[in-house]
Structure formats: structure tokens, C-alpha cells
Colleague: 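If you scroll down you'll find the structure; I have some questions about it.
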Amino acid sequence: MKVNDVTTLSVEGRIGVITVNSPPVNALSNAVRQGVAHAFEAAIADDAVGAVLVICEGRTFFAGADISEFGKPQWEPSLRDLQKLLENSPKPVIAAIHGTALGGGLELALVAHYRIAVPSAKCGLPEVKLGLLPGAGGTQRLPRVVGVAKALEMVTSGEPVSAKAALAMGLVDELAAEGNLRADALAFATRVLDENRPLVKVRDKTDKLEEARANPAIFDDFRRANAKRFRGFLAPEYNIRCIEATLSDLPFDEALKYERSLFDQLMADSQSAAQRHVFFAERQAAKVDVPADTAILPVSRVGVIGAGTMGGGIAMNFANVGIPVTLVETTQEALDRGLGIIRKNYETTAAKGKMKAEDVDTRMSLIHGTLALEDLAQVDLVIEAVFEQLDVKQDIFRRLDAIAKPGAMLATNTSYLDIDDIAGVTGRPEYVLGLHFFSPANVMKLLEVVRTKDTLPAVYATAMKLAKTIGKIGVLCGNGFGFVGNRILAARNAQADALALEGATPWAVDKVLYDFGFAMGHFQMRDLVGLDVGWNRAATASANVREILNEMGRHGQKTRGGYYDYDEKRNATPSPIAMEVIEGFAAKQGITRREISDEEIHDRILFAMVNEGAKILDEGIAARASDVDIVWITGYGWPKYRGGPMFWADLQGLPVVLEKLRALAAAHGAGFAPSPLIERLVAAGKGFNA
Ligand code: 3HC
């Protein structure tokens with residue numbers, strides 16, 4: 001029987017089967033909730049039905065509340081009303097889980113009396129990743145099933161557990177055979193009836209809470225242990241408070257109300273809006289505007305030139321997903337060193353239990369080292385990762401063009417160079433692109449895919465697809481200085497350096513950035529990376545504070561001195577020597593140092609970044625404001641709960657941003673002149689993202 005467009009009810013034996021099919025992920029939309037409720041009522045009214053099975057078609061069990069309907073009118077029944085129906089059912093309700101039972105989906109399964117899952121299924125409460133908490137009883141029911149300690153970890157990390165782990169914890173009652181969920185779930189439901197099993201309500205269980213009751217310090221210990229991970233985020237703390245409530249005197253329904261009130265507070269906060277923006281922005285970034293008939297090119301073998309830190313990390317990405325890599329170096333010594341570092345990286349990962357020990361050799365066997373560029377004749381994609389110098393890269397591309405097979409894609413990992421200048425030395429500029437990885441390239445999620453004016457849509461569409469294959473978030477960028485990420489970084493660096501000369505201390509600048517939510521400030525970052533990275537002594541002698549520090553041998557953490565001084569444990573203290581250098585250099589430049597407020601530091605740095613982002617958008621270097629946000633969140637540590645520079649600007653209100661920029665331009669020069677895009681958006685009453 002068709003109940004509505006997304007729900008059917010059938011009676012098989014004595015089991016009423018409610019089947020939901022609402023692509024892509026069976027989110028609990030208005031239509032789904034209504035369909036399930038109507039089907040359930042029909043099943044209860046049918047005397048032939050002894051038990052009710054809830055199962056989904058397509059790739060997954062309910063993946064949660066429908067995030068796209070947040071803030072829009074909600075139809076009856078609410079998820080909580082639907083839960084009440086199922087939980088109070090006079091007939092046993094069984095949830096049959098495949099794919100991912102997430103958020104509201106798992107919360108719905110938790111009001112079923114029994115749960116069965118296929119081994120590949122995963123169960124989790126990922127709301128924290130959206131700046132929320134499980135608002136449909138998840139914080140109250142999960143600890144009653146898995147215990148407080150495990151529940152704390154699950155709700156604050158948002159990470160799901162496997163079906164096998166779920167079985168061990170009691171989160172599911174039985175595993176079905178893979179691919180046989182429907183039949184096994186029907187058999188299980190029939191057994192529940194035959195054995196007259198009770199209508200188990202998770203809300204009535206308390207035994208799993210006892211361990212935490214005996215250890216009330218568990219919550220504060222957890223907060224302390226995770227303080228760094230949670231810094232700045234509201235949602236983890238709210239999740240913890242809700243779980244704490246499971247041990248309070250509150251009756252269950254009152255605890256649900258408490259959970260609801262904290263959920264509503266989070267939902268109304270800008271952090272959740274930012275994190276939901278990031279969720280959709282990530283998925284949006286993957287969509288590239290290419291002609292419908294654009295064919296994706298096959299990539300079955302990749303070549304990487306340069307076995308340094310970058311090249312080695314890039315090669316690992318492909319070996320990790322089973323794509324063979326030819327890794328080219330110029331000397332045996334450099335090649336051996338590069339391969340040795342890759343092996344060591346894999347061994348460290350295996351030692352941490354994050355990969356199987358036997359996989360180390362498998363992955364290494366996929367990386368073939370060579371000294372001959374000619375060995376790249378048969379690869380489908382070459383990624384060059386050598387020294388950042390135009391003539392060196394051009395020379396390689398000239399040679400590559402003669403060696404690589406027709407139709408092979410040639411990519412450069414340059415961070416700043418003009419890719420047209422590189423493509424121009426080849427006879428196939430339409431197959432040349434930028435693939436800008438971030439260090440460490442095997443870890444960092446961001447991949448800027450840079451197209452030039454000539455790059456074929458098939459080439460960049462293939463690269464975007466490949467990004468997903470290797471677990472990266474690809475963002476398509478145009479070919480302009482620093483692309484998206486480094487261009488905004490240059491704007492930030494310029495302000496930070498200028499502020500330090502004009503009178504702010506490096507530590508004051510760093511603190512403002514840290515308090516905003518970055519993991520570290522500009523100067524701390526420089527010390528960490530090394531002041532000498534990219535240092536060309538001859539070209540820039542004593543041209544700025546950084547050069548002078550380099551000339552003094554102060555290269556940052558590794559020499560125990562840069563802007564800060566470091567002890568043997570790399571604890572930092574502000575360096576009086578660096579301060580002297582800054583003051584001396586400022587005097588030489590004729591700059592009279594003055595008191596600079598934190599507010600000025602904040603505004604100059606952040607609004608300069610926003611303005612640069614606007615220019616990037618206006619020039620078409622980024623296709624969408626949300627792409628700029630994704631670059632800065634995934635590649636540069638912009639705090640997720642602030643949604644990226646463009647989202648943050650929208651939150652301030654673009655008229656405010658425009659006014660700030662005008663005031664900054666009047667006080668600090670034309671560099672702050674607002675991007676024409678901001679002027680136009682303000683005139684049209686719009687923001688970057690809407
Ligand atoms: N609501 C609305 N749309 C959703 C959605 C959801 N909960 N989950 C995924 N989608 C959409 C995505 O936006 C995407 O749309 P698009 O194709 O138009 O871009 C599409 O479904 C497919 O998603 P993915 O590309 O992410 O597909 P994957 O197969 O890689 O991953 C997934 C599937 C694991 C389900 C992943 O989408 C995911 O993690 N979704 C979010 C789950 C979540 O956070 N649930 C909790 C929601 S909040 C809640 O339940 C509140 C409650 O406690 C009251």
C-alpha cells in the first residue's frame with residue numbers, strides 16, 4: 001500500500017513493513033515523518049499485524065533530520081511526536097538499519113523496541129558537527145544504551161560507530177547478513193513475536209548509567225581532557241550538559257525538555273548557522289559547472305615529480321586508494337630519502353593502529369621510484385612538486401610535454417606562480433592545470449584545482465572527481481596570484497607585519513588571532529613553519545624584519561628563536577631580541593610606533609581578508625563565496641564555527657563591512673578601498689552568500 005510519495009506499508013506474514021524511499025539519504029523530512037506516522041497507524045489498526053518493521057531503501061537508513069528544512073515550516077508530526085507513537089506502540093517496533101543511522105535517524109531507531117543492522121552499517125549522532133546536539137532524545141537515550149563514557153565521546157566527536165561495535169555495546173540487538181537485511185529483519189521480527197519478547201523501552205533502562213553515577217568526576221575530567229579540541233565551540237559543552245542530566249533527578253520527560261531547550265539555543269546561535277553553512281558549502285564546492293556531456297578522463301596511473309616533503313605526501317594520497325604512482329627524483333640519494341620518509345609515515349600510522357601493518361608494504365609497492373623522467377610516458381596524470389621557481393618548472397614541463405602520452409594531464413603544485421607561464425612552454429596548454437596541495441599533503445583535506453584560460457573542462461572536472469577519490473575537498477579556482485587561499489593569506493600577512501612595525505607586538509597580534517579561533521597566530525605560525533622557508537638571501541637582504549631575523553640565524557622553532565624564544569620543550573616566550581629588531585627596523589623606515597588596540601588589530605586583519613576574498617570573487621578566481629569559505633576552513637584553520645571569511649562578513653552585515661573598510665581606507669591607505677563587489681552587493685541589499 002502506498003502511503004505517500006516516499007512511504008509504503010506492506011504486510012508480510014505477521015509483520016507490517018514500513019518502507020521509506022526518499023533519496024538521497026532518507027532524511028526525516030516533513031513528507032517522511034508524515035508517511036511513517038500514517039503507515040504506523042495503519043499497521044497498528046490492522047489485526048493481521050503483530051509487529052512493525054521500519055526499513056529504508058536506497059543507500060541508507062534515515063541520515064537524520066532534514067537539514068535543508070531547518071528554519072522552514074514544519075508539518076505535523078514532529079520527530080518527537082513520531083517517536084512517541086513508536087515508543088508507546090502496543091506492538092513491537094523493529095528498526096532495520098543499513099548505510100548510516102545518523103542524528104534523528106538513530107534517535108528514531110532508539111525508540112524502536114529492537115534494532116537489527118547489516119555489518120557495514122554505521123550508527124552515530126553527528127549533530128555536534130552542525131553546531132547542535134541530538135534534540136530528539138539522543139542525549140538521554142544513548143547513555144542508557146552505551147553508558148555515559150562512550151556516549152560522551154560519540155556526541156562530542158559526532159563520529160559514528162560500526163555495526164559490530166554497536167552490537168557489542170548493545171546499540172543494536174542483532175546483525176543481519178550483508179545484503180540480506182529485509183529478509184533477516186523479517187525473520188528477527190517474527191522471532192520477537194514467537195518468543196513473546198517484551199516491548200523494551202530504552203528510556204526505562206538505567207543499569208548502564210550506574211558506572212558514571214559512581215564516578216561523578218567523569219564530566220569534568222572529560223571537559224579537561226578535551227579542552228583544546230572543544231575550544232571556541234558551544235555545542236560540545238551543551239552536549240555534555242545534556243548527558244550530565246541523565247544522572248540528575250530530572251524525570252525522563254523533563255530531561256527531554258531540558259535537552260530541547262539547549263537544542264533550541266544552539267539552533268538560534270550563529271555557530272550552528274556557520275557549521276550548517278560549512279556542511280552545504282563542502283558539498284557545493286564539489287559541483288563544477290561543465291557541459292553535461294563532459295567525459296571524466298581515466299586516471300589509472302599517476303606520476304609525481306619530486307620526492308621531497310610535498311611530492312612524497314602527494315604520492316601517498318594515490319597509493320592510499322590503490323592508484324600506482326611513479327615517483328621521480330634527480331638523485332638516488334634524494335629518492336631513497338623520500339621513499340624512506342614515506343615508509344616511515346606509513347609505519348607510524350600502522351603503529352598508532354590507524355592502518356594494518358601488512359598494508360605498509362602493499363602501499364609502498366604501489367610507489368615506484370625512478371630517476372628517469374621518461375618513465376612517465378604511460379601515466380595519465382603527472383603532478384610536479386619541485387622547487388618553486390618558474391624556470392625550473394618550465395624546464396620540466398618542456399621535457400614532460402615530449403615524454404607524456406597524448407591526452408595525459410600535466411599538473412603543477414605551484415603555490416604562487418602563474419600557471420599560464422608554465423602551460424605556455426608545452427604544446428598542450430589545455431591539459432595543464434594546477435593541483436595545489438597543502439602540507440602535509442597526505443593529511444590536509446584541501447586541494448585547490450586551478451584551471452587556466454585554456455584548461456579543458458574534462459581536465460578540471462576529472463581533477464575535481466579525483467580529489468574526492470583521494471579523500472580531499474577539491475575547490476576549483478582560477479589562475480591568479482596565490483589562487484584563493486594564499487592570496488588571502490598574503491593580505492593577512494601584510495597587515496600583521498605592518499601592525500608589528502606600527503606598534504603592536506607580535507604577541508598581541510597572535511593573541512587576537514588565537515582568540516578569534518585560529519589555532520595559532522601569524523608570528524607563531526611563521527616560527528613553526530620556519531622563517532627561512534622560501535628565503536632567498538641574495539635577493540632580499542635585510543628587506544624586512546623576517547630577513548633580518550633569518551640573517552641572525554633566527555629561523556623559528558627549529559633554531560629555538562624567531563619572533564619568540566623557545567625552550568627545549570618548544571614552549572614559547574616573547575623574544576626581546578625580535579622586539580629590538582622590529583623597533584630598529586621601524587625606526588629605519590621612519591615609522592613612529594604607537595599604541596595599537598586589539599580592536600584595530602582585529603579589524604585590519606579580518607576586514608583585509610574579507611576584502612581580498614571579495615576581489616577574488618569579483619575576478620572570478622573563485623566561483624562562489626562558499627568556496628572561499630571552504631578554502632580557509634579546510635586549508636588555513638579558519639574556525640569552523642565562524643563559517644569562513646565570507647560567511648563571517650555576511651554575519652557582520654555587508655553594510656557594516658563596507659563602512660569599516662571605508663574607515664580603514666581613510667586611516668590606513670587605499671589598500672583598504674572596498675572591493676566594487678561589496679559596494680554592489682550593499683546597493684542591492686545582498687550578502688556574499690545570499
Ligand atoms: N538533510 C538534508 N540533506 C542531507 C542530509 C540531511 N540530514 N544529509 C545529507 N544530505 C544531502 C547532502 O546535502 C547531499 O545533497 P546534494 O547531493 O544536493 O549535494 C546529499 O544528501 C548526499 O550527501 P553526501 O554528498 O554527504 O553523501 P555521502 O554518501 O557522502 O554521505 C551521509 C551521506 C553520511 C548521510 C552524509 O550526507 C551526512 O553525514 N549527512 C549529515 C547527517 C547529519 O548530520 N545528520 C544529523 C542531522 S541533524 C538532526 O538529526 C537533528 C536531530 O537531532 C533533531
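Just follow the structure's listing: the first ligand is 1, and inside any ligand the first atom is 1.
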Colleague: Which residue holds the protein heavy atom closest to atom 29 (O) of ligand 1, what is that atom called, and what is the gap in Å?
Modeller: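 Of every protein heavy atom, R59 NH2, 2.7 Å lies nearest to atom 29 (O) of ligand 1.
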Colleague: Compare every heavy atom of V20 with every heavy atom of V36, then report the nearest pair and how far apart it is.
Modeller: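 Taking V36 first and V20 second, the nearest heavy atoms are CG2-CG2, 3.6 Å.
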Colleague: Closest non-hydrogen protein atom to atom 18 (O) of ligand 1, residue and atom name please, with distance?
Modeller: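 The closest heavy atom on the protein side is K287 NZ, 3.7 Å.
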Colleague: Quick one: do the T7 and N4 side chains pair a donor with an acceptor below 3.5 Å?
Modeller: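 Note: T7 and N4 side chains meet the donor-acceptor criterion.
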Colleague: Output the list of atoms in ligand 1 that are nearer than 4.0 Å to some heavy atom of L130, sorted by atom number.
Modeller: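 Every atom of ligand 1 under 4.0 Å from some heavy atom of L130: 44 (O), 47 (C), 48 (S).
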Colleague: Does ligand 1 have a heavy atom under 4.0 Å from the side chain of E107, from its backbone, from both, or from neither?
Modeller: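 Under 4.0 Å from ligand 1, E107 contributes side-chain atoms alone.
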Colleague: For F230, which of N239, T156, V128 qualifies under side-chain contact (heavy atoms from CB on, under 4.5 Å)?
Modeller: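 Result for side-chain contact (heavy atoms from CB on, under 4.5 Å) with F230: T156.
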Colleague: Salt bridge or not for D253 and R203, using N-O below 4.0 Å?
Modeller: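 Result for this pair is yes, salt bridge flagged.
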Colleague: Give every residue pair that meets the salt bridge (charged side-chain N to carboxylate O under 4.0 Å, His left out) criterion with at least one member in residues 148-169, sequence neighbours excluded.
Modeller: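 Pairs touching residues 148-169 that pass the test: K129-E159, E153-R229.
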Colleague: Can any side-chain N or O of H98 pair as donor or acceptor with the backbone N or O of G58 at less than 3.5 Å?
Modeller: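 Such a contact is found between H98 side chain and G58 backbone.
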Colleague: Ignoring hydrogens and geometry, is there a side-chain-to-backbone donor-acceptor pair from E127 to G135 under 3.5 Å?
Modeller: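 Checked: no pair found.
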Colleague: Numbering the atoms of ligand 1 from 1, which are under 4.0 Å from a heavy atom of D66?
Modeller: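 Going through ligand 1 atom by atom, the ones under 4.0 Å from D66 are 1 (N), 2 (C).
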Colleague: Going by a strict under-4.0 Å cutoff (protein heavy atoms only), does atom 44 (O) of ligand 1 have a neighbour on the protein?
Modeller: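 So far as the 4.0 Å threshold goes, atom 44 (O) of ligand 1 is in reach of a protein heavy atom.
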Colleague: Ring centres of F647 and W638 under 6.0 Å apart?
Modeller: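 That pair fails the under 6.0 Å test.
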Colleague: Should the pair H436 and F438 be assigned to parallel (<30°), tilted (30 to 60°) or perpendicular (>60°) ring geometry?
Modeller: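 Tilted.
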Colleague: Determine, considering heavy atoms only, which of R283, K122, R80, E127 sits nearest to atom 26 (O) of ligand 1.
Modeller: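 Closest candidate by heavy-atom distance is R283.
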Colleague: Name the option, out of S68, A65, A63, that contains the heavy atom nearest to atom 6 (C) of ligand 1.
Modeller: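 The option holding the nearest heavy atom is A65.
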Colleague: For D207, look at atom CG and say whether over 12 heavy atoms of other residues, nucleotides or ligands are found less than 6.0 Å away.
Modeller: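 Enclosed: over 12 neighbouring heavy atoms sit under 6.0 Å from CG of D207.
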Colleague: Hey, which atoms in ligand 1 end up nearer than 4.0 Å to a heavy atom of G103?
Modeller: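 Here the atoms of ligand 1 in question are 46 (C), 50 (O).
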Colleague: Taking 4.0 angstrom as the limit and counting only heavy atoms of G135, give me the atoms of ligand 1 inside it, by number and element.
Modeller: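 The list of qualifying atoms is 53 (O), 54 (C).
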Colleague: Answer yes or no for atom 32 (C) of ligand 1: protein heavy atom present at a distance under 4.0 Å?
Modeller: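 Within 4.0 Å of atom 32 (C) of ligand 1, no protein heavy atoms are found.
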Colleague: For ligand 1, find out whether one of its N or O atoms is nearer than 3.5 Å to an N or O atom of P126.
Modeller: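 No: no nitrogen or oxygen of P126 is under 3.5 Å from one in ligand 1.
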Colleague: If you have a sec, work out which protein heavy atom is nearest atom 5 (C) of ligand 1 and how many Å separate them, to one decimal?
Modeller: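 Nearest protein contact, heavy atoms only, for atom 5 (C) of ligand 1 is V25 CG2, 3.7 Å.
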Colleague: Hey, can you tell me if F318 and F437 have their rings parallel, tilted or perpendicular (30° and 60° cut-offs)?
Modeller: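 It falls in the perpendicular class, over 60°.
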Colleague: Atoms of ligand 1 less than 4.0 Å from P24 heavy atoms?
Modeller: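 Answer for ligand 1: 20 (C), 21 (O).
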Colleague: Nearest protein heavy-atom contact for atom 1 (N) of ligand 1: which residue, which atom, what distance?
Modeller: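 Protein heavy atom at minimum distance: I67 N, 2.9 Å.
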Colleague: Going by the atom numbers of ligand 1, which of them fall below 4.0 Å from some non-hydrogen atom of L102?
Modeller: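 Per the distance check, 34 (C), 39 (O), 42 (C).
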Colleague: Does a side-chain N-to-carboxylate-O contact under 4.0 Å join R241 and E244?
Modeller: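 No salt bridge links R241 with E244.
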Colleague: Which ligand 1 atoms does P134 reach within 4.0 Å, using its non-hydrogen atoms?
Modeller: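 Here the atoms of ligand 1 in question are 53 (O).
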Colleague: At a 4.0 Å threshold, what atoms of ligand 1 neighbour a non-hydrogen atom of F280?
Modeller: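 Listed by number with element: 13 (O).
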Colleague: Between K468 and ligand 1, is there a nitrogen or oxygen pair with a distance under 3.5 Å?
Modeller: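 No, no N or O pair falls under 3.5 Å.
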